Structures are given as structure tokens and as C-alpha cells.
There are 2 protein chains.
Amino acid sequence: MTDPIAIDETERLIASDKVEGTRVYNREGDKLGSVMNFMVNKRSGKAEYAVLEFGGIFGIGSEHYPIPWEMLDYDQETGGYVVDLDKEKLEGAPSYRDKRPRWDDIYGQQVFGYYGLG
Amino acid sequence: MTDPIAIDETERLIASDKVEGTRVYNREGDKLGSVMNFMVNKRSGKAEYAVLEFGGIFGIGSEHYPIPWEMLDYDQETGGYVVDLDKEKLEGAPSYRDKRPRWDDIYGQQVFGYYGLG
């Protein structure tokens with residue numbers, strides 16, 4: 001058997017397809033949702049947004065919350081991400097259901113601004 | 001219908017799950033394989049390796065070639081990645097089949113060094 005840690009994850013690196021589906025909690029331990037995917041800058045290779053998903057069944061009708069990648073802390077013990085964010089703050093955040101955002105500068109200012117990372 | 005471009009990709013950003021499965025060509029137009037996944041630095045959010053896959057059937061028995069992310073150029077027209085790499089160079093590159101690498105510094109030096117990006 002191969003060691004799953006050696007496949008998907010080390011202290012420093014994590015595989016993109018392991019990030020997708022990873023659960024996200026806040027500091028109080030409330031589950032906020034899970035990572036649907038993340039948006040990567042094509043040129044620099046840097047992840048800019050993680051798209052948090054919750055609600056809905058099997059991805060249908062679920063709400064999507066793009067959050068700045070830098071807000072995520074990975075907790076190797078639980079295998080989940082932790083963000084410093086209460087549920088109410090998240091519920092008021094920029095989100096989308098079916099109509100996807102344009103991911104342009106205006107949208108970026110809106111999202112990063114909301115989280116005080118303008 | 002939603003515009004797939006608006007979902008997965010803009011001029012600047014691309015969704016992680018769109019990168020996975022994207023075909024990779026060299027400058028001569030030879031198909032080298034496709035991206036299985038990519039390894040992201042947990043702290044900085046920066047993609048370090050793209051894992052190129054080829055051979056095998058449905059992922060069984062296929063060979064995996066981690067290449068430095070910075071080698072990839074995305075070609076919006078074909079929807080594929082282009083790398084400056086001939087097939088022979090790739091075939092001699094560090095790769096793995098079942099036993100996954102440790103992704104540690106030594107491995108990094110081996111891979112980045114092979115491509116002259118030490």
C-alpha cells in the first residue's frame with residue numbers, strides 16, 4: 001500500500017484535487033462548508049480564491065462563497081481548513097448560486113474588501 | 001445556459017478542477033500528456049508542480065511526470081498547456097508510477113534541476 005500522505009500531501013504541499021472537497025471550519029469548530037474548487041492565477045500560479053460551498057444536495061442548489069485563499073489555514077490533524085470567520089459574516093458575504101461571477105477586478109475588490117483584505 | 005468561460009476561466013484566472021485533465025503539448029504541437037493534478041504550497045498558495053500523466057488506460061499503469069509549474073503556458077485558443085520541452089527530454093525526466101515521491105527538498109532539486117530551473 002502506498003502512504004496516502006506521500007501521495008496527496010506533505011508538510012508543505014497539498015495536491016489540488018485533495019483541496020477540492022476539503023471541509024472548512026471556523027475557529028469555534030462550526031463547519032462552514034467545503035471547498036468546491038479554487039481559482040489560480042494562470043501566470044503566477046498563485047491561488048487567489050477558494051470557493052466554499054454549502055447547502056444544496058449533491059451540488060444542486062448550493063451556495064458558493066469565494067473567499068481569499070490567504071484566509072485558509074490547513075489543519076493537518078483534522079485534515080480540514082480553518083478560517084477566522086463566523087457564520088453570520090459568511091452568510092452576508094458575496095456569493096453566487098447559478099450565475100457565476102466574472103472574477104474581474106471589481107469582483108475582487110468586492111470580495112477582498114468584504115473580508116477586510118482590500 | 002451559463003457561459004463556461006465565466007465559470008471556469010478568465011484571462012487571468014483558471015479553476016483548479018479545470019487545470020486537472022487539461023492536455024499538454026510542446027511547441028511542436030506534440031501531445032505530451034495531460035495534467036493529473038498539481039501540487040500547491042499550503043502556506044503561500046503557490047502551485048509548484050504540475051503532474052503530467054501519460055500512458056496507461058484510465059489512469060492505470062500511467063506514468064507521472066512532475067514538472068515545475070512555471071514551465072506551463074496556457075493557450076486559451078486550444079484550451080491546452082504548452083511547454084517548451086521535447087518528448088525525449090520528458091521521457092528521461094524524473095517520474096513515478098505507483099510509488100509516489102516524497103515531494104521534499106531533495107526531490108525538488110532533482111526535478112527543478114533536470115529542467116534547468118534549480
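Note that the structure is predicted; figures quoted are calculated from it, not measured.
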- Partner chain B: residue of A:Arg12, A:Arg43, A:Lys46 with the largest heavy-atom pair count (under 4.5 Å): A:Arg12
- Should B:Trp103 and A:Ile14 be marked as a side chain to side chain contact (heavy atoms under 4.5 Å, CB included) after you check the CA-CA gap, both sets of side-chain angles, and the distance that decides it? CA-CA 10 Å; B:Trp103 304 111; A:Ile14 187 165; over 6 Å; no
- Note on the structure: Checking heavy-atom separations under 4.5 Å from chain A, one finds in residues 24-35 of chain B none
- By number, which residues in residues 78-90 of chain B have some heavy atom less than 4.5 Å away from chain A? none
- Looking only at heavy atoms, which two atoms of B:Asp8 and A:Met39 are closest? And how far apart? O-CE, 4.1 Å
- Under 3.5 Å, is there a donor-acceptor pair between the side chain of A:Ser16 and the main chain of B:Ser16? no
- Task: Dump the intermediate steps for side chain to side chain contact (heavy atoms under 4.5 Å, CB included) on A:Val40 and B:Leu13, then the final yes or no.
- Result: CA-CA 5 Å; A:Val40 181; B:Leu13 297 177; over 6 Å; no
- Task: Given side chain to side chain contact (heavy atoms under 4.5 Å, CB included), test B:Val19 with A:Phe38 step by step and report yes or no.
- Result: CA-CA 10 Å; B:Val19 174; A:Phe38 56 102; over 6 Å; no
- Message: Please classify the contact between A:Tyr74 and chain B as side chain, backbone, both or neither, with a heavy-atom cut-off of under 4.5 Å.
- Response: side chain
- Item | Criterion side chain to side chain contact (heavy atoms under 4.5 Å, CB included) on B:Glu20 and A:Asp17, from CA distance to verdict | CA-CA 8 Å; B:Glu20 297 155 5; A:Asp17 50 354; 3.7 Å; yes
- Query: Does the distance from a Lys or Arg side-chain N to an Asp or Glu carboxylate O, for A:Glu11 and B:Lys42, drop under 4.0 Å?
  - Reply: no
- Query: Say you draw a straight line from OG1 of A:Thr10 to CG of B:Asp104; how long is it, rounded to the nearest 0.5 Å?
  - Reply: 8.5 Å
